[in-house]
Amino acid sequence: MLLNYNVNIKPLNQIDFSSIKVINTINPHSYCVSKQDKDFEQALQASDVLLPDGIGIVWAERLLNKNKIEKIAGFDLFIYMMQSLEEKNGSCFFLGASEETLVKIANKIKQEFPHVKVGSFSPPYKAEFNTSDNELMCGKVNSFNPDVLFVGMTAPKQEKWVHSNKNNLNASLICSIGAVFDFYAGTVKRPHPFWIKLGLEWFIRLVKEPRRLFKRNFVSTPTFVFYVLKEKFKLSK
């Protein structure tokens, strides 16, 4: 177990999706945020599957537990699930983002996954949702009754919302995938696969969005390394 989180060590094609409800991802930044946000920590720990979406998590798992795992980004999960839904004429629902982004997603899916039924809803843009908001959002999802619910409201908001509302949602599988909505819609461009394979996706995104990602890379990353080395020293005593 990586620093009290049960991180998935299997590739996507070896996960039994029929037995799970909630999939979240974790990276060094979200780990550090969770240390200051107990609701977020609880949401991550309650995940049925927690994917290692960060090269730092891969490194830590190898260093602490000697497990050679691969990074599985939210985008990887999304494409895998869409391919699966295409094969079985399934359905998915997108909860989050703007109406414009959701329209772009739906149009692209019509071209790439024509046998997948798609629904969506753009929730109110606010830091916290009230009871009426939650009832509206759950109602939109439940009236569509999707096989897979994709939630994209950025971390930690999306994970905490799913954790609080999962028992009121009629979806076989719920995936918190954050920035994937923008990546797939094309409103934000994901780095080239060349950089992803080198484990440098974080660097390219930092160059493109230095102000937004500064804290993630220059505060959270060193803090995460400290946590990992501290744990490694404790284990080797």
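Residue indices begin at 1 and follow the sequence shown. The analysis underlying the following values was restricted to heavy atoms, covering all of them including side chains, and did not include hydrogens, waters or symmetry mates.
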Side-chain heavy atoms under 4.5 angstrom apart, residues restricted to Ile, Leu, Val, Met, Phe, Trp, Tyr: same cluster for [X] and [Y]?
| X | Y | result |
| --- | --- | --- |
| I23 | F150 | yes |
| M137 | I174 | yes |
| I20 | V22 | no |
| M153 | V180 | no |
| L85 | F181 | yes |

Kindly say whether [Y] contributes a backbone atom to a donor-acceptor pair with the side chain of [X] at under 3.5 angstrom?
| X | Y | result |
| --- | --- | --- |
| T25 | L51 | no |
| E61 | I57 | no |
| K21 | A171 | yes |
| S47 | L44 | yes |
| N170 | N145 | no |

Check this for me: [X], atom [atom1], are more than 12 non-hydrogen atoms of other residues, nucleotides or ligands nearer than 6.0 Å?
| X | atom1 | result |
| --- | --- | --- |
| K140 | NZ | no |
| E112 | CD | yes |
| Q45 | CD | yes |
| Q14 | CD | yes |
| K117 | NZ | no |
| K110 | NZ | no |

Roughly how far, to the nearest 0.5 Å, is [atom2] of [Y] from [atom1] of [X]?
| X | Y | atom1 | atom2 | result |
| --- | --- | --- | --- | --- |
| K88 | H115 | NZ | NE2 | 15.0 Å |
| C92 | L173 | SG | CG | 11.5 Å |
| F75 | I177 | CZ | CD1 | 9.0 Å |
| L77 | I15 | CG | CD1 | 8.0 Å |
| D37 | Q42 | CG | CD | 10.5 Å |
| I72 | I26 | CD1 | CD1 | 13.5 Å |

- Message: Could you check whether Y184 and F94 have their ring centres less than 6.0 Å apart?
- Response: no
Any [X] side-chain heavy atom under 4.5 Å of [Y] side chain:
| X | Y | value |
| --- | --- | --- |
| L102 | F121 | no |
| W161 | L95 | yes |
| Y80 | D76 | no |
| F113 | Q83 | yes |
| K160 | H163 | no |

- T131-N134 side chain donor-acceptor pair, cut-off 3.5 Å: no
- Query: Just checking, any donor-acceptor pair under 3.5 angstrom between side chains of S176 and N24?
  - Reply: yes
For a quick test of reading the model, state the closest non-hydrogen atom pair linking [X] to [Y] and the distance between them.
| X | Y | value |
| --- | --- | --- |
| N67 | R62 | O-CG, 3.0 Å |
| P28 | G54 | CD-CA, 4.4 Å |
| G90 | D147 | CA-OD2, 3.2 Å |
| N27 | D53 | CB-O, 3.0 Å |
| V228 | L64 | O-CD2, 3.7 Å |
| C32 | Y227 | SG-CE1, 4.3 Å |

- For the pair K126 and D133, evaluate salt bridge (Lys or Arg N to Asp or Glu O under 4.0 Å) and give the outcome as yes or no after the intermediate values. CA-CA 10 Å; K126 54 175 68 174; D133 295 329; 2.9 Å; yes
- Message: F17 vs S84, test: side chain to side chain contact (heavy atoms under 4.5 Å, CB included). Steps then yes/no.
- Response: CA-CA 11 Å; F17 290 99; S84 176; over 6 Å; no
- Task: Begin with the C-alpha distance, continue with both residues' side-chain angles, and end with the deciding distance and a verdict on side chain to side chain contact (heavy atoms under 4.5 Å, CB included) for F144 and L149.
- Result: CA-CA 10 Å; F144 191 81; L149 169 61; over 6 Å; no
